[in-house]
Amino acid sequence: MERNEGMAESKDARPWTGPSLSILLRDLRHIQNSKERSAKLFEWLIAPVAPKKFFSDIWEKTPALIRRHNGNYYKGLFSSEDFDRILREDHVNFGVNLDVTSYFDGEKETHTPTGRALPVVVWDFYKNGCSLRLLNPQAFSGTVWNILSILQESFGSMVGANVYLTPPGNQGFAPHYDDIEAFVIQLEGKKCWRVYDPRSNEEVLPSNSSRNFTQQEMGTPIMDTVLEAGDMLYFPRGFIHQASCLSEIHSLHITLSTYQRNSWGDLLHKLFPGALDLAIEDDVEFREGLPLDYLEYMGVQNSEREDDPRRDSFNKKIYNLMRKLLKYAPIDAAVDQKAKDYIHDCLPPVLTKEELACTVYSAPARWRDGGPRNVVLQIRGSTRIRMLRSNVARSLISTFPIQYVSE
């Protein structure tokens with residue numbers, strides 16, 4: 001593990017092996033507890049860094065590079081051949097599933113046309129120096145879907161992905177920062193990465209992604225390194241980054257992303273509307289009318305009237321109401337609303353053969369002898385029910401008027 005400034009760099013150049021992805025996924029099927037299954041997969045993903053050390057010293061704090069000197073470590077996750085097969089066999093649409101970009105002389109250009117992304121068109125863009133970004137590869141790859149659906153239980157937040165294929169000597173995107181925690185997994189070839197500290201406190205752990213930056217706006221990189229197949233780079237949201245392909249070889253990497261809009265502030269967005277509704281219903285002070293003349297001394301146009309005692313009285317009233325609001329905060333109900341978002345957003349599980357046999361998908365309903373047979377499912381009081389994953393359902397009492405917003 002290394003960080004070019006301040007973080008210790010591993011001098012051990014021996015290959016880090018670990019189990020292959022296919023063996024790991026096979027073994028995970030035998031773990032009944034889905035949280036334990038997720039923990040095992042995440043442990044493999046960031047090995048040899050221990051998860052406890054990762055979350056205490058690195059998570060949301062600093063970038064980290066994990067070198068393995070083993071180009072086959074992530075073999076089976078996704079490949080250029082998978083990319084080609086998807087283009088040929090699946091219905092991939094430009095702008096929906098695939099973006100085409102380039103970055104030259106400080107300018108990012110988007111070349112994405114409309115319509116179906118046919119292989120002859122896509123590979124022509126690639127041959128002319130364009131970078132390809134496959135959005136949501138889990139829609140086309142069962143392996144990616146399986147990995148994301150398992151990992152999301154380690155974060156209590158949806159885990160997404162994009163795949164990037166860049167031709168030798170090219171760059172597809174301008175420097176920018178994201179609003180997600182990023183795990184960059186190098187699958188093929190090599191890529192040069194430069195990572196920069198957030199430029200100000202306002203850009204630490206941002207809620208939204210940035211615009212594109214110029215090279216002059218970023219200062220000196222805190223990390224300037226070449227990622228090789230089998231390596232992984234992590235950086236928190238807010239860290240500016242850019243990546244360019246070396247001249248001698250192409251690059252294929254997949255970025256796993258999580259923790260988008262999963263901050264304390266996002267929880268408070270759920271909490272305060274419900275607290276305010278309860279306070280208004282319960283406390284007459286919240287229902288009393290505003291002063292008749294408050295528009296004459298409050299508002300931006302009156303903000304410089306610091307000597308007006310009415311402003312001080314008005315502000316004190318607001319502060320007092322805000323303090324009283326705290327006792328109405330329905331914290332558990334707000335957390336349940338965050339859980340509702342999570343259940344809505346997260347991927348459905350990839351079922352094993354054994355799990356599939358116990359679901360409605362394996363029901364014996366058939367058309368036979370001129371009509372449907374075995375349609376009624378026999379569920380009795382003695383029938384045992386097992387939740388396939390820990391995140392598929394949640395018990396709650398919906399008694400608080402918590403606002404739910406789906407964008």
Side-chain angles (χ1 to χ4, degrees), residues 1-18 44-50 53-54 57-75 77-78 103 106 108 131 133 161-178 180-199 203-204 210 212-257:
M1 178 182 66
E2 63 180 81
R3 184 189 196 272
N4 284 26
E5 291 185 4
M7 181 175 289
E9 178 178 346
S10 173
K11 302 299 183 181
D12 191 349
R14 292 175 296 178
W16 178 266
T17 53
W44 174 85
L45 185 78
I46 64 169
V49 178
K53 177 177 177 59
F54 176 82
D57 299 344
I58 300 171
W59 174 254
E60 290 192 326
K61 298 180 180 72
T62 184
L65 171 62
I66 300 174
R67 288 208 183 278
R68 296 205 176 84
H69 308 284
N70 179 3
N72 292 320
Y73 190 81
Y74 293 114
K75 185 177 181 180
L77 175 51
F78 198 88
Y103 180 78
K108 179 205 169 187
S131 183
R133 176 171 63 179
N162 289 326
V163 168
Y164 299 81
L165 180 60
T166 305
N170 287 276
Q171 181 170 335
F173 294 87
H176 66 283
Y177 63 72
D178 296 312
I180 48 88
E181 303 298 299
F183 297 84
V184 179
I185 296 173
Q186 190 70 23
L187 300 170
E188 296 174 7
K190 300 178 181 180
K191 207 164 198 179
C192 177
W193 282 83
R194 295 182 179 90
V195 182
Y196 308 78
D197 272 326
R199 302 177 306 162
E203 294 181 357
V204 174
S210 73
N212 293 332
F213 296 117
T214 65
Q215 298 294 334
Q216 293 73 32
E217 290 181 279
M218 299 173 300
T220 303
I222 60 170
M223 182 180 288
D224 188 345
T225 191
V226 174
L227 216 59
E228 301 184 15
D231 295 343
M232 193 202 76
L233 171 64
Y234 162 81
F235 47 83
R237 53 199 189 274
F239 279 80
I240 302 171
H241 53 277
Q242 61 177 323
S244 57
C245 206
L246 303 184
S247 60
E248 68 270 16
I249 192 171
H250 75 280
S251 169
L252 178 73
H253 78 265
I254 184 170
T255 297
L256 309 186
S257 59

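All residue numbers refer to positions in the sequence shown, counting from 1. These numbers come from a predicted model, not from an experiment.
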Chemist: Mind checking what makes salt bridge (Lys or Arg N to Asp or Glu O under 4.0 Å) contact with Glu217, not counting sequence neighbours?
Modeler: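 Arg199, Arg211.
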
Chemist: Quick one: does any side-chain atom of Asn70 pair with a main-chain N or O of Trp16 as donor and acceptor, under 3.5 Å?
Modeler: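 Yes: the side chain of Asn70 pairs with the backbone of Trp16.
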
Chemist: Just jot down the side chain to side chain donor-acceptor pair (under 3.5 Å) partners of Gln171, sequence neighbours excluded, or say none.
Modeler: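 Per chain and number, Gln171 pairs via side chain to side chain donor-acceptor pair (under 3.5 Å) with Gln242.
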
Chemist: Taking side chain to side chain donor-acceptor pair (under 3.5 Å) as the definition, give me every residue that meets it alongside Thr166, ordered by chain and number, with sequence neighbours left out.
Modeler: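 Result, side chain to side chain donor-acceptor pair (under 3.5 Å) vs Thr166: Ser131, Lys191.
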
Chemist: If you look at every heavy atom in Ser257 and Ala161, which pair is closest and at what distance?
Modeler: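 Taking Ser257 first and Ala161 second, the nearest heavy atoms are OG-N, 4.2 Å.
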
Chemist: I'd like to check the ring-ring contact (aromatic ring centres under 6.0 Å, His included) partners of His241; sequence neighbours left out, ordered by chain and number.
Modeler: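 His241 satisfies ring-ring contact (aromatic ring centres under 6.0 Å, His included) with His176, Phe235 only.
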
Chemist: In chain order, what residues pass the side chain to side chain donor-acceptor pair (under 3.5 Å) check against Tyr234, with sequence neighbours excluded?
Modeler: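 Testing Tyr234 for side chain to side chain donor-acceptor pair (under 3.5 Å), a comparison that skips the adjacent residues, returns Glu181.
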
Chemist: According to salt bridge (charged side-chain N to carboxylate O under 4.0 Å, His left out), does anything in residues 165-177 pair up with another residue at least two apart or in another chain? List the pairs.
Modeler: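 Found none.
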
Chemist: Taking atom NZ of Lys75 as the centre, report whether more than 12 heavy atoms of other residues, nucleotides or ligands fall under 6.0 Å from it.
Modeler: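 Counting neighbours around NZ of Lys75, 12 or fewer heavy atoms of other residues, nucleotides or ligands fall under 6.0 Å, so no.
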
Chemist: Charged N to carboxylate O under 4.0 angstrom, Asp231 versus Arg67?
Modeler: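 A salt bridge links Asp231 with Arg67.
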
Chemist: Just jot down the side chain to side chain donor-acceptor pair (under 3.5 Å) partners of Trp44, sequence neighbours excluded, or say none.
Modeler: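 Testing Trp44 for side chain to side chain donor-acceptor pair (under 3.5 Å), a comparison that skips the adjacent residues, returns Tyr73.
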
Chemist: Among all residues two or more places apart in sequence or in another chain, which pass the salt bridge (Lys or Arg N to Asp or Glu O under 4.0 Å) test with Arg68?
Modeler: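 Arg68 satisfies salt bridge (Lys or Arg N to Asp or Glu O under 4.0 Å) with no residue once adjacent residues are dropped.
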
Chemist: Is there side-chain contact between Gln186 and Ser251, with heavy atoms separated by less than 4.5 Å?
Modeler: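 The answer is yes, as the side chains (C-beta and beyond) meet within the 4.5 Å cut-off.
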
Chemist: To check you understand the geometry: which heavy-atom pair defines the closest contact between Pro63 and Pro236, and what is its length?
Modeler: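 The answer is N-CD, 3.9 Å.
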
Chemist: Rounded to the nearest 0.5 Å, what separates atom CG in Asn212 from atom CD1 in Ile240?
Modeler: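 Between Asn212 CG and Ile240 CD1, I get 11.0 Å after rounding to 0.5 Å.
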
Chemist: Return the minimal non-hydrogen interatomic distance between Pro15 and His69, and the atom names on each side.
Modeler: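 Taking every non-hydrogen atom into account, CB-O, 3.3 Å.
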
Chemist: Rounded to the nearest 0.5 Å, what's the gap from CD1 on Ile185 to CE on Met232? Could you check?
Modeler: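 The CD1 atom of Ile185 sits 7.0 Å away from the CE atom of Met232.
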
Chemist: Nearest 0.5 Å please: distance from the CG atom of Leu77 over to the CG atom of Leu252.
Modeler: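 That separation rounds to 9.0 Å.
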
Chemist: Output the distance between atom CG (Leu65) and atom OG1 (Thr225), rounded to the nearest 0.5 Å.
Modeler: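 Reported value, rounded in 0.5 Å steps: 5.0 Å.
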
Chemist: List the steps and the verdict of salt bridge (charged side-chain N to carboxylate O under 4.0 Å, His left out) for Asp178 and Arg237.
Modeler: CA-CA 5 Å; Asp178 296 312; Arg237 53 199 189 274; over 6 Å; no

Chemist: Which residues pass the side chain to side chain contact (heavy atoms under 4.5 Å, CB included) test with Leu246, not counting sequence neighbours?
Modeler: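 In terms of side chain to side chain contact (heavy atoms under 4.5 Å, CB included), with neighbours along the sequence ignored, Leu246 is linked to Lys190, Cys192, Val226, Glu248.
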
Chemist: Side chain to side chain contact (heavy atoms under 4.5 Å, CB included) between Phe239 and Tyr177: does it pass, once the steps are laid out?
Modeler: CA-CA 5 Å; Phe239 279 80; Tyr177 63 72; 5.9 Å; no

Chemist: Which pairs count as salt bridge (charged side-chain N to carboxylate O under 4.0 Å, His left out) when at least one residue sits in residues 166-175, sequence neighbours excluded?
Modeler: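 Sorted result for residues 166-175: empty, none.
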
Chemist: Do Pro167 and His250 come within less than 4.5 Å of each other through their side chains, counting heavy atoms only?
Modeler: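 They are not in side-chain contact.
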
Chemist: Please give me the minimum heavy-atom distance between Gly238 and Pro198, naming the atom from each residue.
Modeler: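 The answer is O-CG, 3.5 Å.
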
Chemist: So, taking the atom named OH in Tyr196 and the one named CE in Met218, what distance separates them when rounded to the nearest 0.5 Å?
Modeler: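 With rounding to 0.5 Å, OH (Tyr196) is 4.0 Å from CE (Met218).
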
Chemist: Checking Tyr103 now: which residues fulfil ring-ring contact (aromatic ring centres under 6.0 Å, His included) with it, not counting sequence neighbours?
Modeler: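 Partners of Tyr103 by the ring-ring contact (aromatic ring centres under 6.0 Å, His included) criterion come out as none, since no residue qualifies.
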
Chemist: So which of Phe183, Tyr74, Trp193, Phe78 actually passes ring pair (Phe, Tyr, Trp, His ring centres under 6.0 Å) with His253?
Modeler: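 Option passing the ring pair (Phe, Tyr, Trp, His ring centres under 6.0 Å) with His253: Trp193.
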
Chemist: Rounded to the nearest 0.5 Å, what's the gap from CG on Asn162 to CD1 on Ile180? Could you check?
Modeler: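 It comes to 8.5 Å.
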
